[in-house]
Amino acid sequence: MHVTLAEELMLLSLDDESGVAKDSSGAGWAVAGGLLADLALAGRVALDGGRISVTDRTPTGDPLLDERLERLVEWVGRKGPDRAKATDWLTKDHATAVRATVQRLCERGLVVEERHRLLGLFPVRRYPEADGSVERELRGRLTAVIRHHETPDVRTATLIALLHAARLHGLAFADLPRARVELRFAEIAAGDWAAESVGQAIRNMHVAVAAIAAATVATTTAAVTAVS
């Protein structure tokens, strides 16, 4: 089963048994970045100097990506080429991107939606695993690259670059020392593993996701400090 980078990131984020998202803030940025990265890999968008341009409006055939492509065409057209910043798009899109990605995982039968009421009052939705085959294959690829130092393919390297940008190292390897995982992720994120046009797009994506993730952490820390 072919799944998008966003779906792979979401599978890593969701706890298999409880269906609760781990590090939901960082995962949201990474998921939005994954959709944009997949469109870049498919030759539909380009990122240069932190700005997005749509290079091909032809549908990819994947409903999740094609919905994002339609949204991007409209958004970039309204903003104009000089103002269509990747960070602005990710800020606008990340919450919607997560909902759309989870819905797609449900449609594929990889997770199942469960509805609860917190304290009997507040509706809560959770998404425990229904079919673990895709995540097992994904974790197998990551293990080969991180534990055994095999050379990643472009998609796996892109996924690792997004995880690294959003500082989600623990989602993939909670049992390994963070410093070891972070070092290997950084090596791959900086590596020359893609054609120049794609590599430039992913490097731009890495910078955008990292900047937003860092700003989110700083804002949260400041709020906690103010309260305490």
Side-chain angles (χ1 to χ4, degrees), residues 1-14 26-48 50-76 84-108 110-111 134-135 137-138 141-142 145 152-166 168 171-172 185 188-189 191 193-210 212-213:
M1 182 186 298
H2 175 76
V3 297
T4 63
L5 290 165
E7 289 169 285
E8 290 183 329
L9 287 158
M10 202 72 243
L11 286 173
L12 291 174
S13 172
L14 292 171
W29 300 120
V31 166
L35 290 170
L36 199 51
D38 254 328
L39 289 172
L41 289 171
R44 299 308 193 270
V45 303
L47 285 87
D48 186 12
R51 291 174 173 78
I52 306 171
S53 60
V54 177
T55 55
D56 184 352
R57 301 186 181 193
T58 307
T60 66
D62 183 286
L64 186 58
L65 295 180
D66 290 341
E67 180 188 17
R68 280 289 150 315
L69 181 58
E70 289 180 6
R71 289 170 177 260
L72 268 168
V73 168
E74 190 276 333
W75 182 79
V76 171
K85 296 181 179 179
T87 49
D88 290 346
W89 170 253
L90 294 173
T91 300
K92 169 185 171 60
D93 190 54
H94 76 283
T96 306
V98 168
R99 289 194 295 271
T101 301
V102 170
Q103 181 180 351
R104 185 62 178 150
L105 290 175
C106 289
E107 293 170 354
R108 290 182 184 273
L110 297 177
V111 301
V134 171
E135 187 176 352
E137 187 276 335
L138 165 61
R141 282 190 285 123
L142 291 174
V145 172
D153 59 21
V154 172
R155 286 190 60 79
T156 304
T158 304
L159 179 73
I160 289 171
L162 288 164
L163 287 167
H164 181 58
L168 297 173
L171 291 187
F185 274 28
I188 293 166
W193 37 262
E196 177 55 32
S197 59
V198 173
Q200 184 182 55
I202 302 308
R203 285 191 292 273
N204 272 272
M205 178 67 58
H206 181 281
V207 170
V209 173
I212 292 175

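Quick caveat, the model's predicted, so the values are computed rather than measured. Along the sequence shown, residues carry numbers from 1.
Between Pro152 and Ile188, the closest side-chain pair of non-hydrogen atoms falls below 4.5 Å. For the pair Leu168 and Leu12, the minimum side-chain heavy-atom distance is 4.5 Å or more. Between Leu36 and Leu72 there is a side-chain heavy-atom pair separated by less than 4.5 Å.
For Thr156, the side chain to side chain donor-acceptor pair (under 3.5 Å) partners are Arg141, Asp153, not counting sequence neighbours. For Thr4, the side chain to side chain donor-acceptor pair (under 3.5 Å) criterion is met by Glu7, not counting sequence neighbours. Under the rule for a side chain to side chain donor-acceptor pair (under 3.5 Å), the partners of Asp93 that lie at least two apart in sequence or sit in another chain are Arg68. In this structure Glu74 satisfies the side chain to side chain donor-acceptor pair (under 3.5 Å) test together with Arg78, sequence neighbours excluded.
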Before giving the answer on side chain to side chain contact (heavy atoms under 4.5 Å, CB included), spell out for Trp89 and Val76 the whole-Å C-alpha distance, their side-chain angles and the decisive distance to 0.1 Å. CA-CA 9 Å; Trp89 170 253; Val76 171; over 6 Å; no

Arg57 and Glu70: CA distance, side-chain angles, deciding distance, side chain to side chain contact (heavy atoms under 4.5 Å, CB included) verdict: CA-CA 8 Å; Arg57 301 186 181 193; Glu70 289 180 6; over 6 Å; no

Taking it one step at a time, do Leu64 and Gln103 satisfy side chain to side chain contact (heavy atoms under 4.5 Å, CB included)? CA-CA 10 Å; Leu64 186 58; Gln103 181 180 351; over 6 Å; no

Could you give me the CA-CA distance, side-chain angles and deciding distance for Leu138 and Val3, then say whether side chain to side chain contact (heavy atoms under 4.5 Å, CB included) is met? CA-CA 10 Å; Leu138 165 61; Val3 297; over 6 Å; no

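Taking all atoms of both residues into account, the shortest heavy-atom contact from Thr55 to Ala46 is CG2-CB, 3.8 Å. Between Arg155 and Asp38, the closest heavy-atom pair is NH1-OD1, 2.6 Å. Summarising the geometry of Gly33 relative to Leu162, their closest heavy-atom pair is C-CD2, 4.0 Å, with the distance given to 0.1 Å. Closest approach of Leu142 and Ala172 over heavy atoms only: CD1-CB, 4.0 Å. Across every non-hydrogen atom of Trp29 and Leu90, the tightest pair is CZ3-O, 3.3 Å. Residues Leu5 and Ala37 approach most closely at CD1-CB, 4.0 Å, considering heavy atoms.
Checked by atom type and distance alone, the side chain of Asp66 never pairs as donor or acceptor with a backbone atom of Pro59 at under 3.5 Å. In this structure, the side chain of Thr60 does not engage the main chain of Ala42 through any donor-acceptor pair within 3.5 Å. A donor-acceptor pair is defined here as one N or O able to donate and one able to accept, closer than 3.5 Å; such a pair exists between the side chain of Thr101 and the backbone of Ala97.
Leu14 pairs with exactly one of Leu171, Leu110, Val111 by the side-chain contact (heavy atoms from CB on, under 4.5 Å) rule, that one being Val111.
Salt bridge absent: Asp62 and Arg44 never bring a charged side-chain N and a carboxylate O closer than 4.0 Å.
Side-chain polar atoms of Thr58 and Asp56 form a donor-acceptor pair below 3.5 angstrom.
To the nearest 0.5 angstrom, Arg51 atom CZ is 9.0 Å from Thr87 atom OG1. Rounding to the nearest 0.5 Å gives a distance of 9.5 Å between CG of Leu11 and CZ of Arg108. To the nearest 0.5 Å, atoms CG (Leu159) and CG (Leu9) are separated by 5.0 Å.
Using bins of under 30°, 30° to 60° and over 60° for the plane-to-plane angle, the ring pair Phe185/His164 lands in the perpendicular bin.
Annotation: salt bridge (charged side-chain N to carboxylate O under 4.0 Å, His left out) contacts involving residues 94-105, sequence neighbours excluded, comprise Arg104-Glu107.
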